[in-house]
Amino acid sequence: MSDEMEQPEGSEGPGESLFDAPSMGEQERMVEAVLFASAEPVSVAELAARMPHGSDPAEALAHLRKRYEGRGVRLVRVGDGWAMRTAPDLGFLMHKESVETRKLSRAAIETLAIIAYHQPVTRAEIEEIRGVSVSRGTIDLLIEMEWIRFGRRRMTPGRPVTFVVTQEFLDHFGLESARDLPGLKELRAAGLLESRPPPGAMPGSGTEEPEEPEEEAREGQSELFEE
Amino acid sequence: MSDEMEQPEGSEGPGESLFDAPSMGEQERMVEAVLFASAEPVSVAELAARMPHGSDPAEALAHLRKRYEGRGVRLVRVGDGWAMRTAPDLGFLMHKESVETRKLSRAAIETLAIIAYHQPVTRAEIEEIRGVSVSRGTIDLLIEMEWIRFGRRRMTPGRPVTFVVTQEFLDHFGLESARDLPGLKELRAAGLLESRPPPGAMPGSGTEEPEEPEEEAREGQSELFEE
Amino acid sequence: MAEDDFQSDALSVSERLAAEALIVDVDGFEGPLDLLLTLSRTQKVDLRRISVLQLAEQYLAFIEKARHLRIELAADYLVMAAWLAFLKSRLLLPPEPGDEGPSGEEMAAHLAFQLERLAAMRDAAARLMARDRKGRDFFARGAPETVTRKREIRYQATLLDLMQAYARIRTKDEFRPFVMDREAIMTMEQALERMRALIGYAGEWTDLTSYLPEGWQSDPARRRSAMAANFAASLELAKAGLIEIEQQETFAPIRIRKARQ
């Protein structure tokens with residue numbers, strides 16, 4: 001009954017399909033403006049939501065990407081989003097902008113790599129691969145850095161939580177998707193990303209009750225993250 | 001782009017004139033990247049300090065400015081520095097609008113109903129009818145929604161303001177005038193005034209009683225809205 | 001100590017130093033698998049071709065040495081040692097008929113797989129960390145423009161809601177429970193409204209009680225409520241700079257007058 005209310009206030013009325021979508025050149029400008037303004041990747045869906053009705057942000061993105069090829073800033077894909085980033089070869093100019101990256105422990109780096117290459121992966125599986133228990137602090141740190149997050153629960157006894165990497169992880173390491181992780185194909189071909197059950201009891205891998213250590217991990221905050 | 005190779009690695013020794021300055025195209029890339037990544041406008045002097053020896057940031061800026069003419073972002077002068085800014089005509093893209101629908105709180109709907117049925121009505125009268133004090137937040141909300149507005153002052157001691165409903169209110173509820181609101185008799189006939197059993201008439205049983213009139217006096221603005 | 005020296009006679013000096021370095025560094029190992037991986041490197045072969053038997057022996061020798069040096073090893077190192085000793089016996093002795101569980105070869109293969117997988121993950125981690133990284137090699141927009149989030153909250157209410165609300169209020173009187181009786185309650189707003197109108201005439205100090213309206217002075221409940229409301233209202237007015245308040249001593253009458261100026 002109040003359809004006129006649906007129209008975004010302040011827009012010059014492009015919300016109606018009565019109006020033609022802006023020209024592709026104009027759409028490219030819009031995508032350029034939105035991506036420049038944002039430090040975070042912006043998804044195609046979000047672009048579409050912000051641009052006038054009938055726009056085709058995917059096509060505008062393709063044009064824009066071409067336009068910025070070889071320039072000082074580039075259009076990069078990050079997961080399901082797009083972002084502008086400076087060209088890596090110009091990093092030397094940016095020492096002023098450089099952020100002191102926290103020195104990660106070996107345990108944290110390895111845990112991160114295991115999550116990235118094996119995701120979704122449970123804590124027990126990480127421990128099985130490293131042959132040592134994963135401290136809560138390591139996981140907490142990676143979550144705090146927004147490089148990993150909780151994934152779906154594994155549908156096995158104990159329903160352990162899994163971990164996956166985030167868009168921020170992809171962004172930080174300049175990856176379009178987790179499929180672009182260096183050496184991923186080779187590792188998979190070599191069978192090194194398999195989770196092979198150990199024959200008989202192996203020490204340090206909790207083989208008798210593989211999901212058991214998750215029991216503790218499950219209680220508390222992880223409950224919050226069920227999808 | 002063979003010039004890339006000649007550029008000093010790191011910015012340790014840009015003081016050497018052994019190296020040729022990078023090509024103007026390369027300088028333009030550098031300026032572009034620096035302006036993009038910088039949180040503040042950057043002066044020509046600072047650009048010169050950051051770029052390899054022999055660079056001409058002023059010229060690179062001029063090229064870059066031309067390149068961005070008519071684009072979604074522009075190169076603008078800010079004080080004695082340079083910065084990239086969204087093209088002014090695309091400012092509307094920087095608003096993200098979301099519409100959330102909420103139910104009006106009981107306090108608000110009751111207050112509104114009283115104003116509609118009794119207008120013009122003073123706050124004291126509303127309180128008398130509702131039997132509880134009316135919080136400022138409730139009145140403010142209804143005014144902000146443009147469903148009520150201030151009417152004439154009552155010509156009684158203190159000259160209290162009165163409230164009346166607005167045209168916006170009538171439109172929203174599909175009424176021609178507030179007089180079209182069904183009267184008590186009609187409400188009763190429509191079954192809206194069904195006789196409810198009297199709630200436990202003893203003091204202390206108030207908690208079971210859905211009205212809980214005391215709550216209103218306590219509630220702050222944030223508690224005005226029920227889910 | 002003599003025993004240690006005797007033991008290490010068999011090893012060359014460099015080997016001994018290497019072994020001791022390993023032990024001194026035991027805290028630096030991320031568990032027994034990590035230690036095994038480090039030991040395996042001394043074999044200088046592809047991990048796929050590693051001699052698990054030799055590795056098991058190296059590990060057991062290491063544990064033995066650590067014991068002699070009275071270095072406390074975490075339990076999982078000892079558990080691994082026990083398992084490797086078992087593996088070693090399986091690999092060396094022909095399987096007995098009726099033996100259950102996996103063969104020595106299966107166990108060895110799995111250990112080799114684990115080591116290879118761990119090494120692969122180490123390598124992957126190193127490659128990952130060596131990538132161009134945001135905030136070091138490439139950068140996001142330094143001055144992102146804040147997207148003004150206009151969250152419009154649209155309140156919903158239908159005519160029916162409105163009518164029901166009104167009906168609710170009007171029928172409330174019919175069943176008004178005793179506790180809800182507001183007859184004896186004066187709100188601060190009422191008092192304030194009233195006092196605002198009256199204060200223009202209060203040039204001299206006047207007892208606050210004289211401001212109580214007609215009908216609110218005798219009944220104790222009403223008087224109490226009116227007094228509280230008027231007192232609160234007078235504080236509001238004083239805050240607004242419209243009146244002055246004084247009280248000569250504790251429990252003395254509270255008096256107000258219009259502010260000078």
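Reminder, nothing fancy here: chain letters follow the sequence lines and each chain counts from 1.
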Contacting region of [X] [heavy-atom separation from chain C under 4.5 Å]:
X	value
Y117(A)	side chain
L35(A)	neither
L184(A)	neither
L187(A)	side chain

**Item:** Any residue of residues 74-87 of chain A which, by heavy atoms, sits under 4.5 Å from chain C
**Value:**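 Result: M84(A), R85(A), T86(A), A87(A).
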**Prompt:** Which one, A113(A), G91(A), P88(A), leads in non-hydrogen pairs under 4.5 Å with chain C?
**Reply:**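 Ranked by heavy-atom pairs under 4.5 Å with chain C, first place is P88(A).
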**Item:** Ion pair check, E194(A) and R117(C), cut-off under 4.0 Å
**Value:**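 No salt bridge links E194(A) with R117(C).
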**Asked** Within the side chain of R141(C), is there an N or O that forms a donor-acceptor pair under 3.5 Å with the backbone of A39(A)?
**Response**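 Not at all, since once roles are kept as given, no pair shorter than 3.5 Å links the two residues.
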**Request:** Can you establish whether the number of heavy atoms outside R106(A) located under 6.0 Å from its atom CZ is more than 12?
**Result:**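 For R106(A), atom CZ is crowded (more than 12 foreign heavy atoms under 6.0 Å).
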**Heavy-atom neighbours of E106(C) CD exceed 12 at 6.0 Å** =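 Above 12, so yes.
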**Message:** When you compare the side chain of L104(A) with that of M129(C), does any pair of heavy atoms fall below 4.5 Å?
**Reply:**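 Sidechains of L104(A) and M129(C): in contact.
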**Request:** Kindly give the heavy-atom pair with the smallest separation between G131(A) and P32(C), and that separation in Å.
**Result:**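 So the two residues come closest at O-CD, 4.0 Å.
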**Message:** Can you pull out every side-chain hydrogen bond (donor to acceptor under 3.5 Å, both in side chains) where at least one residue sits in residues 84-93 of chain C? Sequence neighbours excluded, please.
**Reply:**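 Checked against side-chain hydrogen bond (donor to acceptor under 3.5 Å, both in side chains) - neighbours excluded - no pair reaches residues 84-93 of chain C.
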Out of curiosity, [X] [atom1] to [Y] [atom2], how far, rounded to the nearest 0.5 Å?
X	Y	atom1	atom2	answer
L33(C)	E127(A)	CG	CD	12.5 Å
D89(A)	F138(C)	CG	CZ	12.5 Å
E30(C)	S133(A)	CD	OG	10.0 Å

Throw together a table of side-chain donor-acceptor distances under 3.5 angstrom for residues 119-128 of chain C, partners on residues two or more places apart or in other chains.
unit_1	atom_1	unit_2	atom_2	d
R122(C)	NE	E110(A)	OE1	3.3
R122(C)	NE	E110(A)	OE2	2.2
R122(C)	NH1	D34(C)	OD1	3.0
R122(C)	NH2	E110(A)	OE2	3.2
R122(C)	NH2	D34(C)	OD1	2.9

**Item:** All salt bridge (charged side-chain N to carboxylate O under 4.0 Å, His left out) counterparts of E57(C), not counting sequence neighbours
**Value:**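 Salt bridge (charged side-chain N to carboxylate O under 4.0 Å, His left out) check on E57(C) returns nothing, list empty.
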**Asked** Picking from K134(C), R133(C), R136(C), what satisfies side-chain hydrogen bond (donor to acceptor under 3.5 Å, both in side chains) with H172(A)?
**Response**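 Checked K134(C), R133(C), R136(C) against H172(A); only one passes side-chain hydrogen bond (donor to acceptor under 3.5 Å, both in side chains): R133(C).
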**Request:** Would you check, one step at a time, whether the test side-chain contact (heavy atoms from CB on, under 4.5 Å) holds for F113(C) with L192(A)?
**Result:** CA-CA 8 Å; F113(C) 167 74; L192(A) 290 170; 4.2 Å; yes
